[in-house]
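Before any comments, here is the structure.
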Amino acid sequence: MRSHARIAGRAGILCGVIGALSSAPVVGQVPTRPLRSIFGVYGRLTAGQDSIRVGEKANGKISVALKLYYSMGHTCQLNNDGEWREDHVAIVADGLDANRQCKLSLFFENGRVLLKDEGLQCAPVYCGARGKLDNVSLPKFSPNRK
């Protein structure tokens with residue numbers, strides 16, 4: 001009978017530990033909503049300067065307006081709404097082919113935005129021949145930065 005009591009006691013302790021661990025937040029857990037710090041302007045909003053504007057909309061969508069400048073007058077320009085997915089803003093837009101949509105992701109870290117053009121399907125639609133969207137990174141605008 002004593003061994004049954006010990007086993008039951010250990011089982012109770014084990015259940016308590018498992019319960020405590022399962023209710024504790026996971027280190028590095030990804031927020032389900034974006035941090036407010038992602039909203040704003042990256043780059044500069046002056047003519048001829050690369051810029052990406054990220055805004056919050058009332059319907060939970062996230063507006064993205066970008067204009068990037070490349071050599072010989074080529075630009076990339078996209079104005080679209082996206083949504084927060086785990087750790088980034090995801091935009092799905094028209095591609096060159098109806099079966100392969102443009103999927104552009106914006107990641108935010110250390111005061112910068114980084115673009116990922118999945119399958120390189122966005123640049124052919126939204127950029128001139130010399131433009132690209134994949135791996136473009138801009139710092140968040142600060143009026144004190146020169």
Side-chain angles (χ1 to χ4, degrees), residues 7-146:
I7 292 171
R10 288 181 181 155
I13 291 170
L14 182 60
C15 288
V17 169
I18 291 171
L21 289 175
S22 65
S23 64
V26 176
V27 174
Q29 189 173 26
V30 179
T32 56
R33 299 182 64 162
L35 298 173
R36 297 209 42 83
S37 62
I38 72 163
F39 300 111
V41 175
Y42 296 82
R44 293 188 171 269
L45 283 177
T46 54
Q49 298 290 316
D50 294 339
S51 67
I52 300 172
R53 187 173 42 233
V54 180
E56 189 172 20
K57 296 185 90 174
N59 61 2
K61 296 285 187 181
I62 298 171
S63 66
V64 175
L66 66 82
K67 187 152 189 186
L68 306 172
Y69 294 84
Y70 292 92
S71 66
M72 302 189 80
H74 292 260
T75 62
C76 293
Q77 191 164 350
L78 178 129
N79 296 306
N80 215 320
D81 290 344
E83 58 186 42
W84 186 255
R85 292 196 186 151
E86 295 178 19
D87 64 345
H88 65 281
V89 173
I91 296 173
V92 178
D94 292 333
L96 285 178
D97 179 349
N99 296 322
R100 297 188 69 192
Q101 294 179 308
C102 156
K103 295 179 183 175
L104 186 67
S105 297
L106 289 79
F107 294 90
F108 303 88
E109 190 172 340
N110 298 323
R112 297 185 72 85
V113 64
L114 172 67
L115 304 179
K116 290 292 182 180
D117 181 357
E118 184 182 314
L120 304 178
Q121 296 299 305
C122 300
V125 178
Y126 300 98
C127 298
R130 289 181 172 78
K132 72 173 198 145
L133 294 169
D134 195 51
N135 287 322
V136 169
S137 179
L138 294 175
K140 192 162 190 182
F141 175 74
S142 170
N144 300 329
R145 189 180 77 222
K146 298 196 184 214

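Because only heavy atoms are used, hydrogens play no part in the values below, and waters and symmetry mates are left out as well, while side chains stay in.
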Validation row: [X], [Y] side chains within 4.5 angstrom (heavy atoms):
{"X": "Q121", "Y": "L96", "answer": "no"}
{"X": "N79", "Y": "V64", "answer": "no"}
{"X": "F141", "Y": "S51", "answer": "no"}
{"X": "Y126", "Y": "L104", "answer": "no"}
{"X": "R36", "Y": "E56", "answer": "yes"}
{"X": "C102", "Y": "V125", "answer": "no"}
{"X": "L133", "Y": "L66", "answer": "yes"}
{"X": "W84", "Y": "V89", "answer": "yes"}

**Separation of R33 CZ from I38 CD1 (nearest 0.5 Å)** =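 With rounding to 0.5 Å, CD1 (I38) is 11.0 Å from CZ (R33).
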Original post:
Can you tell me how far the CD1 atom of I91 sits from the CG atom of D81, to the nearest 0.5 Å?
Top reply: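 Rounded to the nearest 0.5 Å, the CD1-CG separation comes out at 8.0 Å.
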Once salt bridge (charged side-chain N to carboxylate O under 4.0 Å, His left out) is applied, do any residues pair with [X], and if so which ones, sequence neighbours excluded?
{"X": "D94", "answer": "none"}
{"X": "K61", "answer": "E83"}
{"X": "E118", "answer": "none"}

Closer than 3.5 angstrom, by distance alone: can the side chain of [X] be matched with the main-chain N or O of [Y] as a donor-acceptor pair?
{"X": "D50", "Y": "G43", "value": "no"}
{"X": "Y70", "Y": "K132", "value": "yes"}
{"X": "D117", "Y": "A123", "value": "yes"}

(request) Not counting sequence neighbours, which residues clear ring pair (Phe, Tyr, Trp, His ring centres under 6.0 Å) with F107? List them please. (result)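 Result, ring pair (Phe, Tyr, Trp, His ring centres under 6.0 Å) vs F107: H88.
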*asked:* Could you report the tightest heavy-atom contact between P34 and F39, atom names first, then the distance?
replied: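 Residues P34 and F39, closest heavy atoms: CG-CZ, 4.0 Å.
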Original post:
Once you find the SG atom in C122 and the one in C127, is the distance between them below 2.5 Å?
Top reply: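 Answer is no, sulfur atoms not closer than 2.5 Å.
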- Query: Which residue pairs satisfy the side-chain hydrogen bond (donor to acceptor under 3.5 Å, both in side chains) criterion with at least one member in residues 96-115, sequence neighbours excluded?
  - Reply: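 Sorted pair list: R112-S137.
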Legend entry - Residue among V136, L106, V113, L115 satisfying side-chain contact (heavy atoms from CB on, under 4.5 Å) with Y42: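 Among the candidates, only V113 passes.
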Holding to side-chain hydrogen bond (donor to acceptor under 3.5 Å, both in side chains), I want the full list of residues that pass it with N135, two or more places apart in sequence or in another chain.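 With neighbours one apart ignored, the set is K116.
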